[in-house]
Protein chains: 2
Amino acid sequence: MSKRTDTIKSLFASPQSVPLSADNAVRGLPRVSSGSVRSLRDSFSDVEKENEELKERLAAGAAIVEVDPALIEPSPVSDRFRDEVDGSFEQLKQSIAHRGQEVPVLLRMHPDASGRYQSAYGHRRVRAARELGLKVKAIVRPLSDEELVVAQGLENAPREDLSFIERAVFAMNIEDAGHARTVVQDALSIDRAEASKLIAVARAVPSDIVGAIGKAAKIGRGRWQALADLMADSGALKRVEEAIAAPGFGERDSDARFLVAHSAATKPSVKSTSEPRVKPVVAASGEKIARAQLVDRDLKLTIDKKVAPDFGQFVLEKLPELYDLFRSKERQ
Amino acid sequence: MSKRTDTIKSLFASPQSVPLSADNAVRGLPRVSSGSVRSLRDSFSDVEKENEELKERLAAGAAIVEVDPALIEPSPVSDRFRDEVDGSFEQLKQSIAHRGQEVPVLLRMHPDASGRYQSAYGHRRVRAARELGLKVKAIVRPLSDEELVVAQGLENAPREDLSFIERAVFAMNIEDAGHARTVVQDALSIDRAEASKLIAVARAVPSDIVGAIGKAAKIGRGRWQALADLMADSGALKRVEEAIAAPGFGERDSDARFLVAHSAATKPSVKSTSEPRVKPVVAASGEKIARAQLVDRDLKLTIDKKVAPDFGQFVLEKLPELYDLFRSKERQ
DNA sequence: TGGGATTGTTGTCAGCTGACAACAATCGAA
DNA sequence: TTCGATTGTTGTCAGCTGACAACAATCCCA
């Protein structure tokens with residue numbers, strides 16, 4: 001079970017539930033006290049005892065309420081770049097219009113405005129309901145600022161299949177809202193190394209560039225870090241700003257927009273990428289002995305199956321001599 | 001937007017919704033006719049027209065019904081190895097007991113048994129509701145056999161975060177239930193190459209071994225294929241059956257159980273794995289020139305930054321001579 | 001019967017992310 | 001002021017899966 005799944009279950013499980021392992025415990029949320037583990041049998045019989053009384057409560061339908069969407073404000077931490085009215089939002093509205101709202105949203109009472117609510121997650125459904133003139137089905141829970149952000153992250157990140165850059169912006173927004181780095185880690189189910197990398201990218205790439213590129217679902221940490229590093233060069237930054245302002249930029253899909261931006265950021269390279277990446281290595285006799293890839297400083301050899309397997313070891317042992325020969329040729 | 005997300009939205013959107021691109025269309029499900037695309041404006045105004053009449057229907061709460069769980073049978077295609085009563089199922093029951101059922105299940109009328117239902121997804125919640133003596137909240141849709149299986153796959157695979165082997169068994173079960181290979185592809189949002197690999201593994205590894213190992217969340221295609229290949233050897237198969245029957249096997253976590261099974265399948269290797277994977281390469285002068293990894297037939301060199309970058313090219317060019325030297329030493 | 005199209009199988013690779021290690025920076029207590 | 005603990009940063013790697021190519025097998029039609 002992944003960390004994310006553990007913490008989602010923990011968030012929704014009652015305090016009497018079987019606790020997760022200690023390193024999965026989510027701080028600040030209702031949970032069994034640290035280190036104390038109740039036996040499965042005990043909690044099972046607890047459940048049996050509570051069943052009868054809860055049946056009546058459920059018969060009263062107490063869990064889900066209907067709320068006027070005009071009373072609901074979004075989470076104080078945004079987890080999308082901007083509110084988009086796009087095809088998927090229109091589809092959501094139509095689905096709700098035809099089928100009703102099948103999944104309730106999570107709300108808390110607004111901390112400052114009496115009689116109003118804030119949403120932890122599901123705010124697109126809130127907006128859709130408001131535009132359709134419908135009440136929204138909601139679960140209302142007492143949540144602290146941290147609990148709200150963690151719930152938002154735990155629910156939205158898997159459901160929305162957030163990309164690297166969306167998670168990065170969300171992480172930065174959580175920190176800019178005043179939360180500790182550990183809240184970022186909990187909300188996104190990540191370790192401190194990954195939190196550091198996400199926030200660094202979000203801070204290094206200007207938000208107008210991020211917004212213009214968009215979700216970029218297939219672009220991961222490495223390539224965003226490369227783009228972020230390039231932002232330190234003012235010439236590169238200028239070229240990217242020009243590229244995103246060019247006509248036609250917005251018409252490409254998001255991954256392609258990233259590639260355009262990245263390409264604009266890098267100076268044209270003399271290196272030919274049409275050169276075959278994997279080349280055969282042939283002996284003087286014409287026998288194929290290996291396949292080789294040479295990229296920057298990395299040389300990778302795959303010795304042919306017909307060749308004695310310790311040829312690789314042999315090459316390895318010969319490297320010092322080869323290096324001396326190489327150096328002597330350099331000196332000539 | 002991933003294929004999976006597109007097809008989930010398509011499944012739930014009304015036929016009037018904005019259609020997905022043609023290559024995302026899900027066969028056999030309600031959808032806009034092939035190739036005909038309605039303008040966004042047209043469908044938007046259609047929605048406005050329907051809003052008033054739908055408001056009243058929603059006020060009557062028509063979308064979600066409550067059903068006696070005793071009337072509901074599981075999907076004809078199983079997507080879990082076995083019905084497990086484990087900690088997570090107890091947590092689910094407690095969550096429903098305390099909070100109510102927040103996400104409805106999807107049902108169809110049973111094709112053969114009048115007055116009864118089959119579940120496309122959510123059957124764990126059905127079982128939990130039955131054990132708690134509660135009715136279950138459900139959406140009831142007319143679904144063909146294929147539509148049911150596709151809906152089940154599209155909903156359960158992301159929600160349950162199914163591992164490679166769980167997806168493999170589900171794929172095999174779909175095919176064994178008589179469905180075409182393309183239904184497998186649609187249900188799991190995969191291409192025919194991946195479908196072939198999943199089903200091959202599920203057929204090659206005996207189901208008792210798969211069941212004993214379990215979900216194995218971190219074990220992917222490559223390692224399952226390696227284990228599957230080993231199952232052709234009757235000695236290996238026997239050792240694995242012994243390993244899974246041994247005391248203590250069931251107490252490890254699922255990934256560890258896989259490793260034990262895989263280890264039992266392979267003959268003990270003289271190769272030492274404690275040998276450092278990455279070794280420095282040092283010149284006769286003592287200068288560090290590269291880092292090297294030698295695994296089976298693959299040799300990878302990372303030339304040190306202080307060394308002239310074309311040393312890699314130099315080594316590449318010297319390989320034919322090295323091979324001749326190597327062969328001449330073999331002959332002595 | 002032959003050939004083209006379709007489907008199934010196998011191999012390979014790129015880029016992804018989880019995970020961890022090592023080092024740097026910061027903080028707080030003694 | 002120093003030192004240990006904690007937190008942040010950076011690098012690296014293993015194994016994953018999506019994607020595609022190439023070839024094999026099957027099917028169907030002329």
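Source: prediction; values computed, not measured. Numbered from 1 within each chain, the chains take letters A, B, ... in sequence-line order. Note that these values count all heavy atoms, side chains included, but never hydrogens, waters or copies made by symmetry.
Each of B:Glu194 and A:Ile219 was matched to the nucleotide of DNA chain C holding its nearest heavy atom; the match closer to the 5' end belongs to B:Glu194. In terms of position along DNA chain C, the nucleotide closest to A:Gly222 lies nearer the 5' end than the nucleotide closest to the other residue of the pair A:Arg192 and A:Gly222.
In this structure the side chain of B:Phe170 reaches within 4.5 angstrom of the side chain of B:Gln152, judged on heavy atoms. Counting heavy atoms from C-beta outward, A:Gln185 and A:Asp191 have side chains that stay 4.5 Å or more apart. Within the 4.5 Å cutoff, the side chain of B:Ile213 has heavy atoms near those of the B:Trp224 side chain.
Neither OP1 nor OP2 of D:dT6 sits under 4.0 Å from any side-chain N or O of A:Arg181.
Between the CD atom of A:Gln225 and the P atom of C:dG15 there is a distance of 15 Å, given to the nearest Å. One interatomic measurement links the two molecules: CG of A:Asp191 to C1' of D:dT10, which rounds to 12 Å at whole-angstrom precision. Regarding A:Ile199, its CD1 atom lies at a distance of 12 Å from the C1' atom of D:dT9, rounded to whole Å. D:dT9 atom C1' lies 13 Å from atom CG of A:Asp229, rounded to whole Å. A:Ile165 places its CD1 atom 12 Å from the P atom of C:dC16, with the value rounded to the nearest Å.
You won't find any donor-acceptor pair under 3.5 Å spanning the side chain of A:Arg221 and the base of C:dG15, going by distance alone. The base of C:dG8 is not paired with the side chain of B:Lys197 by any donor and acceptor separated by under 3.5 Å.
Residues A:Glu166 and A:Ser163 bring a donor and an acceptor atom of their side chains to less than 3.5 Å of each other.
Side-chain atoms of A:Arg167 lie closest to C:dT17 of the nucleotides C:dG8, C:dT17, D:dC20. Taking the side chain of B:Ala193 as heavy atoms from C-beta on, and the options C:dA19, D:dA21, D:dA19, the nearest nucleotide is D:dA21. In this structure, of C:dG8, D:dC16, D:dA19, it is C:dG8 that holds the atom nearest to the side chain of B:Ser196.
The pair A:Asp176-A:Arg203 meets the salt-bridge criterion, with a side-chain N (NZ, NE, NH1 or NH2) lying under 4.0 Å from an Asp/Glu carboxylate O.
Within 4.0 Å (heavy atoms only), B:Ala200 reaches no atom of the nucleic acid at all.
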